[in-house]
Amino acid sequence: MTLATEFLDDPFFGTGLLGRAARAEEAGPAAPAPAGLPLELAGVAKAFGARQVLRGLDLRVEAGAFVAVVGRSGGGKSTLLRLLAGLERPSAGTVAIDGKPVTGIPAAARLMFQEPRLLPWQRVIANVGIAREPGWRANALAALEAVGLADRAEDWPSLLSGGQRQRVALARALESRPSILLLDEPFGALDALTRREMHQLLARLWRERGFTAVLITHDVDEALALAERVLVLREGAIALDLPVASPREAHGAGEAALKARILAAV
Amino acid sequence: MTLATEFLDDPFFGTGLLGRAARAEEAGPAAPAPAGLPLELAGVAKAFGARQVLRGLDLRVEAGAFVAVVGRSGGGKSTLLRLLAGLERPSAGTVAIDGKPVTGIPAAARLMFQEPRLLPWQRVIANVGIAREPGWRANALAALEAVGLADRAEDWPSLLSGGQRQRVALARALESRPSILLLDEPFGALDALTRREMHQLLARLWRERGFTAVLITHDVDEALALAERVLVLREGAIALDLPVASPREAHGAGEAALKARILAAV
Amino acid sequence: ADKVVRVGYQKYGTFLLLKARGILERKLEPLGYSVTWTEFPGGPQLLEALNVGALDFGVTGEAPPIFAQAAGAPLVYVANEPAAPLSEAILVPKDSPLKSVADLKGRKVALNKGSNVHYLLVKALEKAGLAYGDITPVFLPPADARAAFQHGDVDAWAIWDPFQASAEVTLEARTLTSGEGLVSNHQFYLGEQAFVAGNGPAVDAILASIREIDAWAKGNVDQAAAELAPAVGIPVPVLKLALSRQAWDVQPVSAAVAAEQQKIADTFHDLKLIPKPLKVEDVVRGNGS
Amino acid sequence: MAPLSVPRGVAAWILPVTLLVAWEIAADTGLISARTLPAPSAVALAFRQALSDGTLVQAVAVSTGRALQGLAIGGLLGFGLGVLNGLWKPAELLLDSTLQMLRNVPHLAIIPLVILWFGIGETAKVFLVTLGVLFPVYLNTYHGVRTIDPGLLEMARVYGLGPFARFVRVILPGALPSIFVGLRYGLGLMWLTLIVAETISASSGIGYMTMNAREFMQIDVVLMGILIYALLGKLSDVITRALEHATLAWHPSYAASQETPA
Amino acid sequence: MAPLSVPRGVAAWILPVTLLVAWEIAADTGLISARTLPAPSAVALAFRQALSDGTLVQAVAVSTGRALQGLAIGGLLGFGLGVLNGLWKPAELLLDSTLQMLRNVPHLAIIPLVILWFGIGETAKVFLVTLGVLFPVYLNTYHGVRTIDPGLLEMARVYGLGPFARFVRVILPGALPSIFVGLRYGLGLMWLTLIVAETISASSGIGYMTMNAREFMQIDVVLMGILIYALLGKLSDVITRALEHATLAWHPSYAASQETPA
Ligand SMILES: Nc1ncnc2c1ncn2[C@@H]1O[C@H](COP(=O)(O)OP(=O)(O)OP(=O)(O)O)[C@@H](O)[C@H]1O
Ligand SMILES: Nc1ncnc2c1ncn2[C@@H]1O[C@H](COP(=O)(O)OP(=O)(O)OP(=O)(O)O)[C@@H](O)[C@H]1O
Ligand SMILES: [Mg+2]
Ligand SMILES: [Mg+2]
């Protein structure tokens with residue numbers, strides 16, 4: 001809990017206009033505060049050999065929306081994100097970002113992979129500032145501080161615990177300040193308290209920066225706590241598309257009902 | 001849920017005495033049904049360089065007990081399991097299994113690592129039957145079936161999804177039939193429903209085989225649902241040691257209180 | 001000096017003495033030539049360079065020019081040293097039961113394939129009434145042949161100086177027969193065709209230099225040996241023995257020498273060492289080239 | 001650049017064939033004199049001749065025999081030493097540095113010693129080839145073993161695999177891609193060493209044939225020798241590729257290279 | 001076996017020194033005749049002589065110059081080709097097979113061609129060393145680049161790293177352990193090729209010195225040459241180890257090898 005309150009004073013994660021202005025100054029006029037971009041999938045199918053993973057998926061995500069995707073293990077969630085990140089080509093249908101079909105790796109999107117994928121030969125801080133944008137060192141350190149690992153900045157990644165590695169990957173995804181943030185089970189290796197801190201961090205940054213977020217999670221509570229809209233992926237298609245009103249409210253009675261609906265759909 | 005009911009008819013995971021007798025027959029008289037062994041840590045400390053991870057840990061686990069360990073990310077949980085598995089030497093204190101100090105890798109314990117650690121050059125089934133004990137193929141297939149991946153037995157691990165890989169690692173740990181089963185966040189990459197199935201599988205096998213189980217989890221509900229005893233690891237020592245009565249009862253009112261106590265200790 | 005003569009030499013021989021004294025440079029300087037010296041481990045390598053136009057002039061034994069001519073190399077025989085039949089021989093270990101060349105029947109003889117001793121061996125066998133097929137030739141370059149000889153892998157060794165002298169002195173090897181009465185064993189000075197044709201005065205100046213050094217060496221074998229020893233790495237007594245057997249009197253290639261050389265070529269053709277017969281006199285300086 | 005949609009087998013020959021054609025044209029138009037560099041057609045003639053009179057087949061057969069013996073001994077030794085030093089620290093401390101020193105000793109320089117030790121027979125030649133093959137296989141095996149994911153080794157130990165099972169199921173397959181690099185290199189050096197080895201009193205073999213021709217300035221035969229070496233190199237390449245294909249099916253980069261022809 | 005608790009620097013010399021001592025004893029007791037194999041003390045004498053009259057220093061200096069030029073050119077070319085072919089499929093299709101064929105052509109056999117192309121000067125020698133160094137560096141770089149974790153490359157692309165940044169931050173460090181194996185091998189071959197190169201019309205250099213001594217049967221000088229090659233091999237080893245230590249600090253197996261001396 002201590003961590004979460006620290007963000008307020010943090011130059012990088014500072015709240016509201018002040019923080020944003022400070023950041024814009026730092027990075028120069030060439031880097032305007034990123035805004036979200038809309039996503040669209042139309043009739044997207046994906047097969048690996050004979051295995052049909054996605055079949056005719058239709059999905060529109062508005063600019064700046066926060067969508068959570070839940071579904072069974074092996075249900076094609078990661079594949080969906082990989083399609084959005086341009087790492088896979090659909091077998092049929094089209095994937096578009098901001099109205100333009102995705103060819104190659106879209107510059108607007110950043111994917112936090114299901115595994116940490118840290119470069120073993122770079123220190124933790126260099127991993128976070130992987131893109132080496134101007135001022136990366138300060139930004140990376142701020143991001144590490146936000147995930148509670150500022151004191152490990154100069155360690156090799158191989159010395160970190162599983163949850164620490166995941167948080168470094170999270171810091172890397174956040175530091176890159178994308179228009180579209182794709183998160184593949186970003187909190188899977190975190191304990192309940194650290195996880196809650198990370199939830200708050202993510203929610204805050206989303207509000208401040210306005211990026212479009214797609215979050216894969218196996219934790220329905222997490223989906224309800226963070227997203228405006230929860231999708232259930234089943235048998236390669238969207239089985240449930242549930243808007244969540246004022247998602248950041250505390251656990252109420254309505255939430256239990258929503259949770260039951262989602263679990264039934266999965 | 002369909003998976004969980006199938007275990008009843010499964011020759012390997014068959015219930016009660018019947019199943020156990022069938023299994024004992026299969027493996028021959030040389031392999032008696034494994035029983036749990038007691039664990040003991042006395043004054044165990046572990047430091048990596050200047051970083052003191054565990055400090056004077058004292059713990060006794062009786063034979064056949066089911067202990068869950070919760071704690072913050074980077075709190076030394078994996079280090080604790082690695083000490084029990086003989087992969088690290090304590091900086092001070094002693095680790096003993098069945099009264100004998102651990103030197104080398106104890107034959108009685110199996111550790112399911114935090115990462116899947118599958119051999120990329122072996123098919124899924126060969127990964128599960130890694131020890132190649134007599135009859136491993138049938139056993140491995142049964143274990144894969146129990147985790148819902150029988151149809152992927154002949155795939156390369158690199159083609160699996162994150163959750164599928166974790167389940168293969170789980171199948172491998174279960175197939176090895178140890179006296180002491182050490183599980184490091186075994187369900188972290190699984191969705192809620194698959195996770196519940198795996199809970200049932202683990203609980204059933206524990207009851208049938210009587211091994212000693214140490215489960216690391218970041219999910220307090222999971223700890224309460226599975227373990228007889230929940231330990232909270234904080235600042236390198238045990239901050240809370242909570243017995244859980246009849247752990248396999250459904251979510252009651254008492255559970256919420258327990259959960260609150262644990263979270264407060266973390 | 002804007003013209004260059006590229007001279008190839010080997011470690012053991014007159015050119016090394018010539019190079020040390022700077023005689024050639026002095027004689028060519030007035031004609032507007034400078035000299036670059038290049039060392040080669042053996043005659044074949046020297047002619048390999050001459051063949052591709054990397055060399056103008058050099059010195060080798062009698063065998064290499066035959067192969068070079070067979071390969072179409074643009075070489076010209078310019079001059080030769082007199083016969084030195086004692087400078088090659090067939091040796092046997094000191095306690096060998098072999099007493100004469102005729103005893104070689106069925107034995108293993110080490111030799112450098114296609115060298116002057118190859119011809120010597122053929123001639124020696126011929127004289128002893130043996131056919132070439134009666135012995136087993138073991139083709140080895142000198143250094144390896146010596147190792148094999150020492151090790152007892154071969155029964156005899158056909159070899160030339162200074163290796164011959166070294167084996168005689170340090171291994172106490174016994175001479176079965178020398179080249180005397182069998183072969184003449186000339187050293188040949190060879191030039192590149194275009195160079196020899198277009199630079200007559202320079203070629204003559206080179207010959208004059210050789211004559212000068214030959215004259216000196218003939219009268220100062222001891223000093224020559226002392227001078228060559230450090231470069232060659234062979235003890236002075238050995239070198240003295242080798243040099244004393246050598247002939248020192250450079251002269252243009254006569255018809256008689258050409259004819260002897262032609263016999264070697266024909267023998268090599270019979271041995272299938274060269275694919276087609278060749279005429280030595282076609283590439284002798286003064287014979288139209 | 002335009003995508004190359006030709007099959008692998010064809011693409012590989014584009015460059016060699018282009019070079020050959022250019023060379024023929026240069027020779028035919030007199031751009032290079034036939035004396036210094038005979039035209040490919042002349043080399044082909046030498047080839048046909050050597051083929052028809054049986055010398056070529058015999059030379060290749062004799063050399064192959066020597067090469068394979070050396071490969072077997074040197075490959076096994078290099079592999080064994082690589083594994084030993086990669087896994088067992090004391091052995092590495094004791095042996096690695098010495099091997100690195102021995103590796104640096106030129107074959108040409110030790111021929112007199114080899115003759116003293118082994119005589120002038122086949123043993124000496126096979127010994128030299130053994131030396132040639134040993135070191136690349138050693139270095140790459142050692143590297144492959146050293147860089148195996150320690151996490152997998154830990155896993156194998158925890159799951160009760162004994163030393164032999166660990167070797168067969170973890171170490172060997174993990175080091176295999178690297179061992180293949182060593183083998184690839186060793187297959188090349190096998191022929192290269194042979195040319196040195198066959199200066200020892202050989203009267204057959206392609207090394208002997210080539211060096212003999214060089215001595216006698218039969219450039220067409222030398223070129224034929226060079227072409228044969230190149231073709232043998234191609235053959236080694238095909239063999240290693242097939243082995244890689246067969247044993248590294250699980251490996252993303254090796255599997256991919258076979259499936260996507262462009 | 002008793003644990004070796006001697007430091008790395010000492011352990012490495014146990015075997016060579018033991019061999020040397022055994023050889024000296026065998027020579028002194030007449031077990032091997034001094035004529036066929038001079039005693040180490042005789043070799044040491046030759047060493048002192050060559051050192052004091054400056055020929056050794058000069059030979060090593062000349063050879064080192066040639067070696068380093070060849071290393072620089074061959075190493076860079078091999079590295080560049082390895083990276084190109086490892087990353088870009090069309091290049092691999094076009095070039096790899098040809099390189100595998102060229103690799104197999106013995107240096108001894110192409111000397112006539114090399115003289116034809118480059119004459120008998122320094123260029124020819126440097127060219128041969130270049131060839132010698134090129135192929136091991138190429139093969140190992142290619143292998144290193146090919147076997148980089150594709151997951152990390154994906155990550156780099158998703159995080160907006162351009163080709164250059166990907167190369168510098170992902171591909172190069174990932175391939176480095178393998179490239180060092182190539183370099184290690186290349187550093188050895190550098191000297192080995194030189195002995196062949198220095199048979200072309202050289203009059204200086206250690207290759208020349210050794211081969212010349214061999215020709216004139218100065219076995220003690222030949223042995224001295226062999227020892228110098230071995231020491232140069234040791235030097236290469238020390239340099240590569242230092243480079244590995246400096247650049248692979250992150251790598252569990254390389255870091256460990258430096259820290260745990262036994
Ligand atoms: N080999 C090592 N060298 C140095 N530090 C290490 C090493 N292994 C672990 N650590 C450190 O020890 C601490 C405990 O690590 P451990 O993996 O036990 O944590 P954990 O409780 O399992 O965390 P998580 O829930 O994130 O997996 C961490 O701070 C980690 O960085
Ligand atoms: N490259 C591939 N080749 C073949 N099959 C693949 C490949 N990638 C994924 N799959 C298969 O596609 C299915 C969907 O995989 P995906 O990784 O998208 O699942 P997921 O929903 O993310 O699962 P998890 O929650 O377990 O991570 C799985 O059955 C997986 O085995
Ligand atoms: Mg996934
Ligand atoms: Mg952990």
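Just so we're on the same page: letters track the sequence lines, and every chain starts at 1.
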>> To the nearest 0.5 Å, what is the distance between CG on Asn127(B) and CZ on Arg169(D)?
In response: 10.5 Å

> Is Leu248(D) close to Trp121(B) at the side-chain level, that is, under 4.5 Å between some pair of heavy atoms?
Replying inline: no

>> Report which part of Ile105(B) has an atom under 4.5 Å of a heavy atom belonging to chain D: side chain, backbone, both, or neither.
In response: side chain

> Quick one: of Gly86(B), Gly104(B), Ala173(B), who has the most non-hydrogen atom pairs under 4.5 Å with chain D?
Replying inline: Ala173(B)

> How far does CZ of Arg123(B) sit from CH2 of Trp250(D), to the nearest 0.5 angstrom?
Replying inline: 12.5 Å

> So what's closer than 4.5 Å to chain D heavy atoms on Ala131(B): side chain, backbone, both or neither?
Replying inline: both

> Looking only at heavy atoms, what is the nearest atom pair of Arg110(B) and Tyr159(D), with distance?
Replying inline: CD-CD2, 3.5 Å

>> Using heavy-atom distances under 4.5 Å, tell me whether Leu118(B) contacts chain D through its side chain, its backbone, both, or neither.
In response: backbone

>> For a 4.5 angstrom cut-off between non-hydrogen side-chain atoms, does Leu111(B) reach Glu154(D)?
In response: no

> Side chain, backbone, both or neither: which part of Ala126(B) has an atom under 4.5 Å from a heavy atom of chain D?
Replying inline: neither

> Quick one: which of Val158(D), Leu152(D), Asp149(D), Leu153(D) gives a side-chain contact (heavy atoms from CB on, under 4.5 Å) with Arg117(B)?
Replying inline: Leu152(D)

>> Heavy-atom pairs under 4.5 Å with chain D: which of Arg132(B), Glu115(B), Arg82(B), Met112(B) has the most?
In response: Arg132(B)

